[in-house]
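Note that the structure is predicted; figures quoted are calculated from it, not measured. Naming convention: chains lettered A, B, ... in sequence-line order (proteins, then strands); numbering from 1 in each chain.
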Number of protein chains: 2
Amino acid sequence: MKASATEPTDSRFEIVEAAAECFMRRGYDKTTIDDIADALGATKGRVYHHFRSKNAIFFAVYREAMRYCFEAADPIIDLPLPAIERLTRMCEAHVMVMITRLSFQRGIKQGLEIQMRGPTTEHEREVFQELQGLRDGYEALFRRVLAEGNADGTLNAPDVPLAGRTILGALNAVPDWYRPRPDGKTPEAIATEMTAYLIRGLAAR
Amino acid sequence: MKASATEPTDSRFEIVEAAAECFMRRGYDKTTIDDIADALGATKGRVYHHFRSKNAIFFAVYREAMRYCFEAADPIIDLPLPAIERLTRMCEAHVMVMITRLSFQRGIKQGLEIQMRGPTTEHEREVFQELQGLRDGYEALFRRVLAEGNADGTLNAPDVPLAGRTILGALNAVPDWYRPRPDGKTPEAIATEMTAYLIRGLAAR
DNA sequence: GACGACATACTACTGAGTATGTTGTATTGT
DNA sequence: ACAATACAACATACTCAGTAGTATGTCGTC
């Protein structure tokens with residue numbers, strides 16, 4: 001029997017990685033299945049052996065991208081700390097995910113809902129709902145901490161959803177401009193400084 | 001003789017508007033030339049009479065979107081006010097542009113550089129450079145005010161480029177989530193609150 | 001000898017771009 | 001003043017390349 005019958009197999013994940021890379025460079029629509037196969041030194045056959053359609057690959061990339069986000073935030077959100085401190089760490093962790101998983105995060109930037117235009121199967125719509133739920137759930141983590149910060153007096157965000165969108169808007173834009181440079185700031189420095197701007201604000205004291 | 005021989009003709013602008021709307025709803029790649037023509041009750045012929053290629057339409061939408069941004073920021077940047085006040089007004093004005101010109105701003109969100117993949121003509125590359133220059137110039141306006149704020153003591157942004165990207169990242173994300181709702185906040189309220197979060201920060205005093 | 005994991009070869013369609021036809025209006029020659 | 005004509009502003013009909021998806025072949029392993 002197979003060594004890993006349950007896991008989604010290594011070969012499958014390689015495809016997801018290659019697809020993320022292609023999506024980042026060329027965008028989803030301009031990426032062909034052959035592009036993804038070529039990046040692996042393989043052919044269409046391998047790709048379609050693991051995925052039903054091109055949309056399914058995008059979904060897999062999206063799901064993986066969200067998984068990285070949750071993995072970063074989950075250990076922080078329930079720490080016994082004031083909300084402002086947890087929010088700070090969650091923001092920093094989010095930036096780190098954006099940078100370390102650049103291709104995944106940038107690959108899905110063209111938007112989930114836009115991929116759902118045209119004739120989609122029933123199954124695709126279900127997956128779509130699920131992924132939308134993942135994203136909303138992640139954003140809800142931030143809203144939760146913001147609300148807790150209003151309650152414990154460490155934060156001042158009258159409109160919690162709007163504050164959440166402001167934060168995540170800024171942080172999610174990182175893949176749009178970040179490029180690894182030998183002489184540039186470290187990812188950690190970027191994370192802490194951006195977070196400071198958002199939480200402390202840009203105004204002088 | 002014609003009434004408006006010099007202007008880029010009304011008909012041409014209608015195409016740009018329709019294209020922006022289509023790009024917003026379906027994304028650039030999933031939008032066909034026929035989609036744009038249909039939205040006008042016309043056919044391909046009209047579109048290709050005014051534009052050399054699909055890329056050229058995207059460029060026109062992009063240029064228009066940037067024009068709206070400059071129109072909003074230009075009257076503010078040189079006002080005789082402390083930098084923090086000018087930055088506040090520029091941010092608010094930017095949000096208003098995002099909302100009032102939703103289709104244009106969202107239409108160009110898939111990114112300028114990603115459109116330049118594949119075989120592009122010499123002329124396309126020139127326009128690309130020009131539009132990239134427009135965007136950089138606009139971002140430079142914010143960097144200028146940030147630097148002036150560091151100088152006059154009203155702002156505290158050690159890393160000006162990073163602060164600029166944080167601000168514009170948050171503001172440029174507005175078209176991703178804003179939808180006009182009868183019961184929702186007014187655009188003005190959204191603009192002032194988001195700007196307050198960015199400049200005053202989310203931390204309680 | 002069955003099946004998983006691919007590669008190869010093929011199909012069918014979509015959609016950008018083009019070539020050509022049509023119509024109304026302005027301009028010109030007489 | 002009035003046909004002749006030129007041209008702008010489209011519509012219609014067509015081409016053709018690229019690409020998602022499929023059908024089938026191959027090879028190694030259990």
Using only side-chain N and O atoms of A:H50, determine if any of them is under 4.0 Å from OP1 or OP2 of C:dC6.
yes
What is the distance from CZ of A:R46 to C1' of C:dC6, rounded to the nearest Å?
9 Å
Do A:D35 and A:R25 meet the salt-bridge criterion of a basic N to acidic O distance under 4.0 Å?
no
Send over the distance from A:R12 CZ to C:dG4 C1', rounded to a whole Å.
15 Å
From CG (A:N55) to NE2 (A:H123), nearest 0.5 Å
11.5 Å
Nucleotide D:dT19, atom C1' - distance to CZ of A:R26 in whole Å
14 Å
Salt bridge check, A:E130 against A:R63: does any charged N sit closer than 4.0 Å to a carboxylate O?
yes
Using a strict cut-off of less than 4.0 Å between a Lys/Arg side-chain nitrogen and an Asp/Glu carboxylate oxygen, indicate whether A:R144 and A:D78 qualify as a salt bridge.
yes
If I take atom CG in residue A:D35 and atom P in nucleotide D:dG21, what distance separates them, rounded to the nearest angstrom?
14 Å
Could you state the CZ-P distance from A:F58 to D:dA20, rounded to the nearest angstrom?
15 Å
Considering only NZ, NE, NH1 and NH2 on the basic side and carboxylate oxygens on the acidic side, decide whether B:E14 and B:R46 come within less than 4.0 Å.
yes
Going by the angle between their ring planes, with limits at 30° and 60°, are B:Y62 and B:F58 parallel, tilted or perpendicular?
tilted
Specify the separation, in whole Å, of atom NE2 of A:H49 and atom P of D:dT24.
18 Å
How would nucleotides 14-22 of chain C be written as a contact map, 5' to 3', with B for base contact, S for sugar-phosphate-only contact and - for no contact, using protein heavy atoms under 4.0 Å?
-SBBB----
